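Following: one structure in structure tokens, then a few remarks.
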There are 2 protein chains.
Amino acid sequence: MESNANILDLNQLRRSCGSCALHELCLPAGIGRDDLVRLDSAVRDRRALDQGSMLYRDGDGLQALYVVRSGSLKSFVLNEAGEVQILGFHLPGEIVGFDALATDRHVSHAEALEASSICELPYARLQQVAIEVPALHRQLMRVISREMVEEHRHTVMMGRQQAQEQLAIFLKNLTDRYQRYQRLQRDAITLTLPMSRYDIAKYLGLVVETVSRLFSRMKEMGVLEVDRKSVRILRPDLLADLCRSSSVSTSKRRGTG
Amino acid sequence: MESNANILDLNQLRRSCGSCALHELCLPAGIGRDDLVRLDSAVRDRRALDQGSMLYRDGDGLQALYVVRSGSLKSFVLNEAGEVQILGFHLPGEIVGFDALATDRHVSHAEALEASSICELPYARLQQVAIEVPALHRQLMRVISREMVEEHRHTVMMGRQQAQEQLAIFLKNLTDRYQRYQRLQRDAITLTLPMSRYDIAKYLGLVVETVSRLFSRMKEMGVLEVDRKSVRILRPDLLADLCRSSSVSTSKRRGTG
DNA sequence: CGCCCGCTTGAGTTAAGTCAATGACCGTGG
DNA sequence: CCACGGTCATTGACTTAACTCAAGCGGGCG
């Protein structure tokens, strides 16, 4: 019964939600086969973004929500003085653009950190389908809530007194999120950070020098192996410790120099 | 045409969304008369909360969303060490509980800062009505998005290097939100803070001593008049300046001592 | 009336910021 | 192919704003 539908149009299939690798993480999670077809009808198409290109800007009208399919984005705001605050990094399966629902205008910027591809969900159409398909409505609420919980995590991270704890939590969270869709092995993880040190700093409310020093410190402590964008987590257990309190290991700082 | 409906049942009226003073700020905004009746049917009833009582706790199942009708709440999380991070303060017209939509469990606590009253919106019923009433669906999304934008404001505030800027932004935001529903005059504002200095500190990621010192400093600068919970903003213009950059006025610190 | 809790203030410490210089990589063009 | 310039990252020396610890104040409540 399903093979029938699948053979018909390979091209269509490739872009359909039902066959997407992110199926279970994205909007379709928990939506039945028949309704998936309708959801598909709400997906305009895929869009490719080069590194550095903007998906939307502060002030842009609400056109659509966007699912990250591959690559990654950052969302951020600029204040009057041009200072950046990064609001979030967005990985495959995550949805961006919710900030515009309140006022029908975006109030932040979204930019590709690397070559990325995006599913565009025109909002008017999405809303229509959500009304027809209660399961989608529920899932949409679930996804927004997930975003909100992620915001809370960000807040908690920024509230930490010790910058080292902040960075540890950031790295932990990033590995968790990458593992979710890459099915990576649990230990001995190598991350390729799509964002710059500057971005990390502005995400955490720090300056870039502090972030750089913290990477060096964690390297020195044997927690990480760092080579530019590549971060290998040698001791996930120690990293987890650092998430809780840096105080136990600060003595290391002068120990091995 | 409307007087007719209004006289029928004063008791019912008192609790109905159509007659609520927060009408335009809360869920009913933009929903027609007929649909309002349905929304009303989704509101279980009003609940009174004493100061310090919990509306929900981390781990509680999702029962309902809650509208603050009067008074105020704080939402927060505790880490393993028992340290607090305040996620938000919630004033009349604002809705809390969205954190539970993702997993059907709350992942934060909500506590009344003062005697408060709450409209309870059982979620299953709300969802049902949202499916029947597309305008409510849209408004619900709008409200969640508003929460998300508020989270972003919180993030930006916490990202500031200068604690004085953080507190200035906090106070500015609080006056703006109080004005929204109290229709206060624009200048010469007196706030009665429902939260402790400790709460403010934990909201901003600071320690209580720093917050206390900042209040004293702003008092000394002539921006505020502070008497325990009562904060009178003498110079809204200066407060607005402090939101942008403290650097210009830090010299004041030793000037008038 | 007095205790307790929340707030303020002071003195000293420290972690993170600032400023500045150097180093490593990358893409471009000779 | 290599030299060059630019950007990003690292590191060092110094400064400073916020934290810690500690004491004292004051208002509200029993």
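Nothing here was measured: the structure is a model prediction, and the numbers come from that model. Worth knowing before you read on, the calculation uses all heavy atoms, side chains too, and leaves out hydrogens, waters and symmetry mates.
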* **d(CE, B:M218; P, C:dT9) in whole Å** => 14 Å
* Geometric class of the A:H106/A:Y56 ring pair [parallel <30°, tilted 30-60°, perpendicular >60°] -> parallel
* To do: Would you indicate whether the side-chain heavy atoms of B:H152 and A:S75 approach each other to under 4.5 Å?
  => no
* Take the protein atom CG of A:L224 and the nucleotide atom C1' of D:dT10, then report the distance between them rounded to whole Å. => 16 Å
* Nearest-Å distance, CD (A:Q166) to C1' (D:dA18)? -> 14 Å
* **Nearest-Å distance for atom pair NZ/C1', residues A:K219 and D:dA9** => 10 Å
* Asked: If you look at every strand shown and take non-hydrogen atoms under 4.0 Å, does A:K229 touch a base, only sugar-phosphate, or nothing?
  -> sugar-phosphate
* Should A:E165 and A:R244 count as an ion pair when the cut-off is N to O under 4.0 Å? -> no
* Pair A:Y66 and A:H90, ring centroids less than 6.0 Å apart -> no
* Asked: Any side-chain donor-acceptor pair under 3.5 Å between A:D58 and A:S108?
  -> no
* Kindly indicate whether the side chain of A:L113, heavy atoms from C-beta on, has any atom under 4.5 Å from the side chain of A:D199. => yes
* Structure fact -> Expected string for nucleotides 19-30 of chain D under the B/S/- scheme (protein heavy atoms, under 4.0 Å, primed atoms plus P, OP1, OP2 as sugar-phosphate) is SBB---------
* To do: Starting from C1' on C:dA16, measure out to CG on A:L204 and report it in whole angstrom.
  => 13 Å
* Which pairs count as salt bridge (charged side-chain N to carboxylate O under 4.0 Å, His left out) when at least one residue sits in residues 106-115 of chain B, sequence neighbours excluded? -> none
* To do: Enumerate the residues from residues 72-91 of chain A whose closest heavy atom to DNA chain D is under 4.0 Å, giving them by residue number; use none for an empty result.
  => none
* Rounding to a whole Å, what distance do you find between B:Q162:CD and D:dT16:C1'? -> 10 Å
* Asked: What is the nucleic acid contact for A:Y198, judged by heavy atoms within less than 4.0 Å: base, sugar-phosphate only, or nothing?
  -> sugar-phosphate
* Structure fact -> Here the distance between atom P of D:dC8 and atom CG of A:L113, to the nearest Å, is 13 Å
* Rounded to whole angstroms, how far apart are CG on A:D199 and P on D:dT7? -> 16 Å
* Should the pair A:H109 and A:F76 be assigned to parallel (<30°), tilted (30 to 60°) or perpendicular (>60°) ring geometry? -> parallel
* **salt bridge (charged side-chain N to carboxylate O under 4.0 Å, His left out) partners of residues 149-158 of chain A, not counting sequence neighbours, each pair once** => A:E150-A:R153, A:E150-A:R177
* Asked: Does the distance from a Lys or Arg side-chain N to an Asp or Glu carboxylate O, for B:R105 and B:D60, drop under 4.0 Å?
  -> no
* Asked: Which part of the nucleic acid, if any, lies within contact of B:S212, taking any heavy atom under 4.0 Å across all strands shown: a base, the sugar-phosphate backbone alone, or nothing?
  -> base
* To do: Mind checking B:S216 for me? I need base, sugar-phosphate or nothing, with any heavy atom below 4.0 Å counting as a touch.
  => sugar-phosphate
* For A:R197, salt bridge (charged side-chain N to carboxylate O under 4.0 Å, His left out) partners two or more places apart -> none
* Find the distance between SG (B:C26) and CD1 (B:I95) and round it off to the nearest 0.5 Å. => 5.0 Å
* Bend across the helix from C:dC1-D:dG30 to C:dG30-D:dC1, to 10°, with axes taken over 5 pairs at each end? -> 30°
